[in-house]
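Only one structure is covered here, and it is reproduced in the block below.
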Amino acid sequence: MEPFLISPHQTIPMQRIIIHLDFDSFYASVEENRKPEIRGKPVVICVFSGRTVDSGAVATANYKARELGVKAGMPIMFARRKASEETVFLPYDIEYYREVTDRIMAMLEDECDVLEQASIDEAYMDVSEKSRGSWEAAEAIAARIKQMIREQENLTCSIGIGPNKLMAKMAGKARKPDGLTVVREKDVAEFMEKLPVEKIHGIGTKTVETLHSMKIMTAKELAQCNPLVLEQKFGGNKPQLLMDKAKGVDESPVEPRQAQQISKMKTLKEDSNDPEKIASEMAEMAGYVRKKVEKKNVTFRTVSIILIDTQLGMQTRSETIGQTDDVTNALATAKNLLQKYLNENRGKKIRRLGIRVSNLEYEKKQRSLDDFLQR
DNA sequence: CGACGTGTAAC
DNA sequence: CCTTTTACACGTCG
């Protein structure tokens, strides 16, 4: 889709219509479908780190559990304290959730011009053409999508429709669960005005803190402030970016995403600085990375290790090598980086670690054995 | 500019 | 008392 309609005399920015779709407490809902006996109960999906019985964090809580005060991101231990007798705690099963998502995303591709899967439970859809520029038509598309997902997967989602990705996303947040909210171009200013800065998508804790220290509390104040004031506190492009967001402006296109990196992290059972021990964990994680690299049929150029120490400080070390698909090679590089790190940081103990490959190339079309034999 | 390391943000 | 994975921006260095 062309971003602009070009007439002989002028360039008219085309009005886009973007849908954002977000499954309601996705992991929990999927588990409720898989295990009917837990339906109606508070459900908490957990990432258990394995360090102690209940160490780890909450990935998702269903609405029943949220009523009890359980929230995503919370340590499982906290959630246990808040939870009631009947609350169900389940380990997350990412592979199963991915299967469900993949089915739905395949379906969504047919319902829009361009699909951008933003995460396991979120997608943007450009429906400018499919709706022929009509907000009503876009709303009908959204309603049909909701119905399809309900009928075929027994899941609900919240949908936002707006003139760009930012507004679609924020519209979707306005009504949950099972919501459908349209913010037309002409209604953007009014929608944004009421919001405190911390409700703007993409403005996180650090930025909020700085804005508050400047007495900028609402999107309206941010949108109308003097850019020079922001430039005192923020560098580079950030002032412009912040003001655009506050005004509900976002030109970024909806485009298909491909992974830029593949990584695997793990929490150690006990803090350690034993090279042998850490290297063997590294090898295990490399096995997982290998699987993913094979599945995606990619090559990579950069290998990194990620280390989180006892104080939860994160450090990375990386090295760029020749384009390769050989994860064994990556593991060797990772072990070298690890060796170097441990030498530079004598005595520092590691809590969590990870391995990552990046600088991915998707061009790699490998000749199959058949092709090979035919020569 | 490419490579590397850190910070911010979101899920 | 603290997960996992990904993306991207930016500063710095050579």
Side-chain angles (χ1 to χ4, degrees), chain A residues 20 22-28 44-61 71-81 91-95 97-98 101 116-124 165-166 169-170 172-173 198-211 234-242 245 252 255 257-268 271 285 288-289 292 296 301-321 333 337 340-341 344 351-360:
Chain A
H20 178 264
D22 192 2
F23 298 115
D24 300 320
S25 37
F26 181 58
Y27 301 161
V44 183
I45 309 300
C46 306
V47 182
F48 292 101
S49 71
R51 169 162 277 234
T52 66
V53 182
D54 269 345
S55 66
V58 171
T60 310
K71 292 209 178 78
M74 178 181 277
I76 296 167
M77 216 83 100
F78 283 21
R80 288 267 187 214
R81 255 172 261 155
Y92 89 143
D93 181 354
I94 190 80
E95 299 203 352
Y97 310 146
R98 183 143 328 260
T101 305
E116 174 177 336
Q117 185 174 350
S119 77
I120 189 160
D121 72 341
E122 258 184 281
Y124 292 96
K165 292 206 287 187
L166 175 67
K169 169 94 186 174
M170 305 245 301
K173 278 195 205 170
E198 59 268 31
K199 288 285 177 65
I200 302 173
H201 179 69
I203 298 189
T205 50
K206 301 288 181 178
T207 308
V208 166
E209 213 174 296
T210 308
L211 289 173
F234 301 98
N237 209 12
K238 193 127 185 190
Q240 180 66 54
L241 222 67
L242 289 174
K245 278 185 189 297
S252 66
E255 52 192 358
R257 283 195 203 185
Q258 280 187 317
Q260 309 289 304
Q261 55 181 235
I262 297 168
S263 66
K264 179 69 183 166
M265 304 268 318
K266 180 168 199 175
T267 301
L268 295 175
D271 298 343
M285 290 188 290
Y288 169 91
V289 171
K292 274 221 171 184
K296 290 176 184 281
R301 218 150 61 83
T302 303
V303 180
S304 313
I305 60 171
I306 302 132
L307 301 153
I308 288 110
D309 61 38
T310 0
Q311 323 300 317
L312 297 180
M314 178 165 55
Q315 285 187 294
T316 62
R317 292 288 181 273
S318 61
E319 190 177 330
T320 298
I321 57 181
T333 306
L337 291 168
K340 239 192 293 176
Y341 174 90
E344 289 164 14
R351 179 188 175 93
R352 290 163 50 207
L353 75 159
I355 180 171
R356 172 172 66 207
V357 297
S358 55
N359 252 317
L360 303 185

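Per chain, numbering begins at 1; letters A, B, ... match sequence-line order.
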Give one of base, sugar-phosphate or nothing for [X], where a contact means two heavy atoms less than 4.0 Å apart.
X: A:Gln261; answer: base
X: A:Gln311; answer: nothing
X: A:Ile262; answer: sugar-phosphate
X: A:Ala72; answer: nothing

To the nearest Å, how far apart are [X] [atom1] and [N] [atom2]?
X: A:Arg352; N: C:dC2; atom1: CZ; atom2: P; value: 11 Å
X: A:Ile355; N: C:dT6; atom1: CD1; atom2: C1'; value: 16 Å
X: A:Lys245; N: C:dA9; atom1: NZ; atom2: P; value: 11 Å
X: A:Gln240; N: C:dA9; atom1: CD; atom2: C1'; value: 15 Å
X: A:Ile305; N: C:dT4; atom1: CD1; atom2: P; value: 17 Å
X: A:Lys71; N: C:dC2; atom1: NZ; atom2: C1'; value: 17 Å

query: What class does the angle between the rings of A:Tyr27 and A:Tyr97 fall in, given that below 30° is parallel, 30 to 60° is tilted and above 60° is perpendicular?
result: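 It falls in the parallel class, under 30°.
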query: Any donor and acceptor pair, going by atom type alone, linking the side chain of A:Glu116 with main-chain N or O of A:Tyr124 inside 3.5 Å?
result: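 No, because the side chain of A:Glu116 does not come within donor-acceptor range (under 3.5 Å) of the backbone of A:Tyr124.
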statement: In B/S/- notation (B base, S sugar-phosphate only, - none; protein heavy atoms under 4.0 Å), nucleotides 1-11 of chain B written 5' to 3' is --SSSB-SSSS
For [Y], is there an ion pair with [X] - N to carboxylate O distance below 4.0 angstrom?
X: A:Arg51; Y: A:Asp271; result: yes
X: A:Arg80; Y: A:Asp54; result: yes
X: A:Arg317; Y: A:Glu344; result: yes

- prompt: Relative to the 5' end of DNA chain C, which residue comes earlier, A:Gln258 or A:Gly236, by the nucleotide with the nearest heavy atom?
  reply: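 The answer here is A:Gln258.
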Flag side-chain contact, heavy atom, 4.5 Å: A:Val208 against A:Ile203: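 They are in contact (side-chain heavy atoms under 4.5 Å apart), so the answer is yes.
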query: Under the side chain to side chain contact (heavy atoms under 4.5 Å, CB included) test, which residues partner A:Ala79, sequence neighbours left out?
result: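 A:Val58, A:Val70, A:Met74, A:Phe89.
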- prompt: Which ones in residues 45-61 of chain A lie close to DNA chain B, meaning a heavy atom under 4.0 Å from one of its atoms?
  reply: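 Hits under 4.0 Å, by residue number: none.
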query: Among the nucleotides C:dC10, C:dC2, C:dT4, which one has an atom lying closest to any side-chain atom of A:Asn237?
result: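 Taking heavy atoms from C-beta onward, the closest nucleotide is C:dC10.
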